[in-house]
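See structure below.
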Amino acid sequence: MNVFMIGGTGLLGCEAATTLIKRGHKVTSVALPPLPEGAPIPEEMEIIFGDINKKSDEELEEMLKGNDVFIYAAGVDERVEFPAPVMDYYYKFNIAPLKRIFPICKKVGVKRAVVLGSYFSYLSKARPDMRLTERNPYFKSRIMQEEVCEAFCDDDFSCAVLELPYIFGTQPGRKPVWTILIEQIGFMDSWPFTMYPAGGTTMLTCRQVGQAIAGAAERKKSGFEAIPIGMYNMKWDKFLSIVYDARGMHGRKIVSVAPWMMKMGMIKVAKDYKKRGIDSGMDPFNLPDIMDIDLFFNNVYTKELGVEEDDIEAAIADSIRISEAAYNGTVKLLEMKGE
């Protein structure tokens, strides 16, 4: 099978490429330079350096010819900050590339696509009573992304969107996304305890995401499907105990707080966004209600894609140690890119 990927040198794309190549498939990827120093990017993967948004349709057509599967392992999530209107940026990075590339895929005979999405799409569909897409532009953009993917499916073209949750693991030379967590909880380090919501989340390692992407690429299923991806369900207090162990703060007391208490703390966050001209993809006053939920998945769907067990606690600890070093400026790493 020939696979063409956007984002094959990133944290998740690289894991997917490694898995696909080990299974005997050929992988070509477009990527923005520079490559992260020391990253285990498979030598067998053909890399075309450049910005996909600056390639002509003719160039894209030549790249896509002869491929069976297209994988979109790029884009941005709610942790990347943008000025208003934030939906313009979500459209640019998460939606517009698909609307442009899918017709070219179909023209040259690509039969299947795999797109990396968000488990907030799943939550938005599962809890319409919370009106999450009305209050959170990021949620709305991910639902729009799924709608675009479904609209292009027919008898000759199928697409799977992987609704991805919290992901842990690192790529040498690249800055983890979890520096934001260090910033969020760091101000409480001088307190006798940490206050955090009472809910929890599903999660998995970056290696497992690579396996899920590969499994979805190989999957023989027609039409459109949005697959909720998650291997391990964990309450926030258990998660933070692993985080603090990795930070050398073993035994840190975690106190669960009600959403209304967290919302009081969000007043400062909202003021900071306004001062800096940031249009948040998530309503800070809706976030406490979301984090109070046990957003857990049955991992049967993930296992169907061939995902194997991994050490999630080690992956969390590794992510936190590197994130803290990056946050404190003791290491210099490449930032995550959306383009």
Side-chain angles (χ1 to χ4, degrees), residues 75-82 84-91 94-95 115-151 153 159-167 180-181 184 195-204 223-240 254-270 273-274 278-302:
V76 296
D77 66 19
E78 81 285 358
R79 291 166 291 197
V80 182
E81 294 181 342
F82 295 110
V86 68
M87 277 296 295
D88 287 355
Y89 294 91
Y90 292 148
Y91 184 85
N94 297 342
I95 299 170
V115 174
L116 275 56
S118 168
Y119 80 154
F120 289 135
S121 296
Y122 173 90
L123 179 60
S124 298
K125 292 178 288 187
R127 292 293 305 273
D129 58 300
M130 294 183 70
R131 303 183 2 254
L132 295 169
T133 58
E134 297 176 31
R135 298 186 62 178
N136 302 279
Y138 180 68
F139 288 51
K140 181 179 179 180
S141 72
R142 286 300 190 179
I143 289 292
M144 289 172 61
Q145 183 186 57
E146 290 192 0
E147 290 171 347
V148 166
C149 292
E150 184 173 13
C153 290
C159 181
V161 175
L162 304 184
E163 297 177 328
L164 298 172
Y166 278 34
I167 301 164
I180 191 171
L181 177 65
Q184 288 172 344
M195 296 191 298
Y196 215 71
T201 183
T202 191
M203 57 182 68
L204 73 172
F224 170 80
E225 56 182 341
I227 308 174
I229 302 294
M231 281 291 284
Y232 309 105
N233 296 323
M234 192 179 296
K235 298 285 285 188
W236 292 127
D237 56 354
K238 168 63 175 178
F239 166 66
L240 284 180
I254 312 298
V255 177
S256 296
V257 298
W260 70 264
M261 292 186 66
M262 186 178 175
K263 288 177 184 179
M264 292 179 64
M266 289 293 116
I267 296 173
K268 182 179 179 180
V269 173
Y273 285 157
K274 185 176 181 179
I278 300 301
D279 189 14
S280 178
M282 292 184 69
D283 179 350
F285 298 106
N286 195 200
L287 180 61
D289 297 316
I290 295 167
M291 296 190 71
D292 195 53
I293 296 171
D294 287 338
L295 187 43
F296 295 161
F297 284 174
N298 186 326
N299 64 18
V300 63
Y301 308 107
T302 309

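Just so it is clear, the model here is predicted, and its values are computed rather than measured.
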Self-check item: salt bridge (Lys or Arg N to Asp or Glu O under 4.0 Å) partners for Glu225, two or more places apart
Solution: Arg112, Arg219, Lys221

Quiz item: What residues, two or more places apart in sequence or in another chain, satisfy side chain to side chain contact (heavy atoms under 4.5 Å, CB included) together with Leu287?
Solution: Met262, Met282, Met291

Quiz prompt | By salt bridge (Lys or Arg N to Asp or Glu O under 4.0 Å) - contacts of Glu150 (at least two apart) | solution = none

Self-check item: With sequence neighbours excluded, residues passing side-chain hydrogen bond (donor to acceptor under 3.5 Å, both in side chains) with Asn94
Solution: none

Exercise. List in chain and number order the residues that pass side chain to side chain contact (heavy atoms under 4.5 Å, CB included) with Ala126, two or more places apart in sequence or in another chain; answer none if no residue qualifies.
Key: Tyr122

Quiz item: Does the side chain of Phe239 reach to within under 4.5 Å of the side chain of Met203, using non-hydrogen atoms?
Solution: yes

Self-check item: Sub-4.5 Å side-chain heavy-atom contact between Ile143 and Phe120
Solution: no

Quiz prompt | Tyr273 side chain reached by Glu81 side chain, heavy atoms, under 4.5 Å | solution = yes

Exercise. Among residues two or more places apart or on two chains, list those pairs meeting side-chain hydrogen bond (donor to acceptor under 3.5 Å, both in side chains) that have a residue in residues 254-270.
Key: Lys263-Asp289

Quiz item: Which atoms form the tightest heavy-atom contact between Val76 and Tyr138, and what is the distance?
Solution: O-CE1, 3.7 Å

Self-check item: Qualifying residues under salt bridge (Lys or Arg N to Asp or Glu O under 4.0 Å), relative to Asp283, sequence neighbours excluded
Solution: Arg135

Exercise. For Tyr301, check ring-ring contact (aromatic ring centres under 6.0 Å, His included) against everything at least two apart and list the hits.
Key: none

Quiz item: Going from CZ on Phe297 to CG on Leu204, what distance comes out if it is rounded to the nearest 0.5 angstrom?
Solution: 10.5 Å

Quiz item: Within a strict 4.5 Å, meaning less than it, do heavy atoms of the Ser118 and Asp77 side chains meet?
Solution: no

Quiz item: Are side-chain heavy atoms of Val80 and Tyr89 found at a separation under 4.5 Å?
Solution: no

Practice problem: Quick one: list whatever passes side chain to side chain contact (heavy atoms under 4.5 Å, CB included) with Pro137, sequence neighbours left out. | Solution: Val86, Met87, Tyr90

Quiz item: Does Asp294 have any side chain to side chain contact (heavy atoms under 4.5 Å, CB included) partners at least two apart in sequence or in another chain, and if so, which?
Solution: Lys235, Phe296

Practice problem: Identify, with sequence neighbours excluded, every residue that meets salt bridge (Lys or Arg N to Asp or Glu O under 4.0 Å) alongside Glu147. | Solution: none

Exercise. Please name all residues satisfying side-chain hydrogen bond (donor to acceptor under 3.5 Å, both in side chains) with Thr202, sequence neighbours left out, ordered by chain then number.
Key: Asn233

